[in-house]
Amino acid sequence: MSKVLVMDADLANKIAAGEVVEKVVSVVKELVENSIDAGSTEIKIELIDSGVKEICVTDNGIGMDEEDAVLCFSRHATSKLKTLDDLFNIESLGFRGEALPSIASVSNTILQTYNGKTGTEVIVNGGKLESIKKNLDLPQGTKIKVKNLFYNTPVRLKYLKNLYIELANVVEYVDKMALSYPGIRFNLINNGKSILFTDGSNNLLKVISRVYGVDVARKMFTIHGTNGDYTINGYASYPEKARSNRNSITTFVNNRLIKNNELNKIITDAYHTYIPASKYPIVVLNIEVDPILIDINIHPTKMDIKFSKMDTLKELLSNIIIKELEGKNLVPNIESRTHVDKIELAVKENEKIEEIKEETNNNYSSLEELTLNFEVEEEQDDYLENALENLKTPNEIEEEKKERIKKMYPVGLVHGTYVIAENEDGMYLIDQHAAAERINYEKYLKKLGTHDNHMQDLLIPLKIELSTQEYIILKEKIDKLIELNFEIEDFGINTILVRSHPYWLPEYCLEEAIRKIIDIVISEREFDPYKFTEKVAITLACKMSIKANDHQELPALEDLLERLRNTENPFTCPHGRPTIIAYSKYELEKLFMRSMEK
Ligand code: ZN
Ligand code: ZN
């Protein structure tokens with residue numbers, strides 16, 4: 001197999017390119033995964049104009065001999081799939097050996113490789129073998145440069161998204177690979193700006209700090225647990241670091257990146273009411289499991305997995321997260337240090353490099369590596385070390401749980417909405433509606449859970465008119481209301497009569513509360529008793545809680561703060577909004593630069 005086959009296959013490759021290669025990230029994915037397969041410990045991805053102009057991936061892997069260097073451009077050349085056991089690896093990384101010929105058919109591709117014995121360069125333009133150079137002196141590993149993607153297929157070129165989206169896709173992919181291979185040094189660069197750099201030291205928390213920032217890495221807790229079937233390891237963020245993108249949940253099975261909606265749901269459910277429903281925690285989780293217990297769905301772009309014994313996995317995972325959240329002081333602290341975005345940092349670092357480069361006119365890549373290696377790393381290591389030191393012993397965690405929030409003394413009310421409070425540790429702002437909502441939510445949840453059949457009769461029965469559709473649905477589900485201790489009579493012509501109600505409904509807005517509960521009964525399509533109580537509790541809590549602009553005197557505020565402190569989760573309202581924000585004494589001193597006068 002050589003030239004001839006490559007040229008014959010040209011058309012097929014171009015057709016296949018449309019399927020396999022559609023975005024810059026598909027090219028990056030193929031090249032990076034080849035590098036991983038080659039046993040590399042360093043992978044550098046350099047892009048020009050988000051990769052549309054040029055993608056260059058350099059690794060220090062085993063390299064190829066002359067024959068393989070040519071062969072890898074012919075279709076179905078792959079010999080990597082050896083046994084059925086390999087299937088798991090193969091599938092997680094994509095369709096091996098399919099994409100490279102396709103990529104080469106729609107670009108100008110230069111491959112340079114050295115396998116410890118011989119160095120080879122192969123140039124392929126638009127699928128046509130241009131030149132082969134042998135016996136070159138090259139560094140160990142493989143470097144593949146893909147230039148002018150889709151230059152000969154203008155229709156495809158049109159389908160590339162804008163530069164920002166193409167780059168965002170690549171960053172997301174390389175982030176995930178870095179998280180799944182903390183032992184590999186990844187360096188992602190666009191137009192000379194370093195975007196991600198990991199040190200390959202096999203420290204997952206360090207990679208997390210590179211991907212999500214040091215602030216996030218400091219707000220992660222460890223996940224570690226095992227039962228007969230599963231062993232799980234990783235990190236999850238405290239609620240304050242929640243993201244609005246569900247991609248912040250990264251899961252691996254036996255170290256391979258996977259996607260599983262059920263698993264994501266278990267994780268987000270464990271954070272229920274700790275974060276808003278539209279937000280997601282940052283989680284990096286590896287699940288070790290006997291392959292017998294999983295079923296892999298083969299798909300070229302993603303890997304979906306089905307778990308048998310999902311219930312035991314769920315129990316293991318949610319217990320760890322829930323326990324951790326219950327035992328912690330989760331009040332977000334205002335920090336005077338401004339948050340520096342990863343990309344911003346990259347830009348700044350790059351400016352620094354540019355300066356030095358101008359001064360010394362020195363070799364670009366080595367300087368860049370120096371700067372990134374030493375300066376950024378030292379700073380981040382300090383943070384991480386502190387973060388690791390601050391991990392609590394089980395005893396300390398128990399202590400902390402008892403006194404998660406110290407008693408807070410109200411000082412006043414701002415904008416009729418936020419209580420200002422203080423104690424010896426610092427200053428607090430508390431959203432009075434969110435606080436009351438949390439207190440009422442837990443109260444109603446308890447009342448709904450106890451099946452005490454205490455009823456309160458109405459002096460004048462309440463008449464509720466419904467639409468025909470509502471009336472029909474409600475009649476079908478009337479037993480749900482009876483279970484809740486409502487006494488209800490059919491009054492005919494789409495009307496019902498409420499004669500008595502559960503005793504704990506608030507007297508002052510009784511009609512509204514009853515109406516709300518009936519609305520929920522009607523709107524629940526598939527009746528899930530847990531979801532139903534949950535909804536009723538949240539709705540009642542929101543309705544019955546003091547609103548903004550309700551002015552309260554200090555003793556009432558003090559009572560509110562005390563009751564909040566004694567709830568199960570004083571940190572968020574049932575919608576997941578924060579209730580308390582803290583300004584530590586230290587931060588206040590820093591903000592006012594008080595140390596200057598000391
Ligand atoms: Zn509310
Ligand atoms: Zn709320």
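Atoms within each ligand, like the ligands themselves, are counted from 1 in listed order.
The residues Lys406 and Asp425 are annotated as salt-bridged, a charged nitrogen and a carboxylate oxygen being separated by less than 4.0 angstrom.
The Zn ion (ligand 2) has no N, O or S atom of Cys542 under 2.8 Å away, backbone or side chain.
Side-chain contact of Glu166 with Ser50: a donor-acceptor pair under 3.5 Å is absent, judged by distance alone.
Rounded to 10°, the angle formed at the Zn ion (ligand 2) by OE1 of Glu437 and SG of Cys573 is 100°.
In His575, the N, O or S atom that comes nearest to the Zn ion (ligand 2) is ND1. Atom NE2 is the N/O/S atom of His433 found closest to the Zn ion (ligand 1).
A 4.5 Å side-chain heavy-atom check between Tyr238 and Phe221 finds at least one atom pair inside the cut-off. Side-chain contact between Leu458 and Leu510 is present, with at least one heavy-atom pair separated by less than 4.5 Å.
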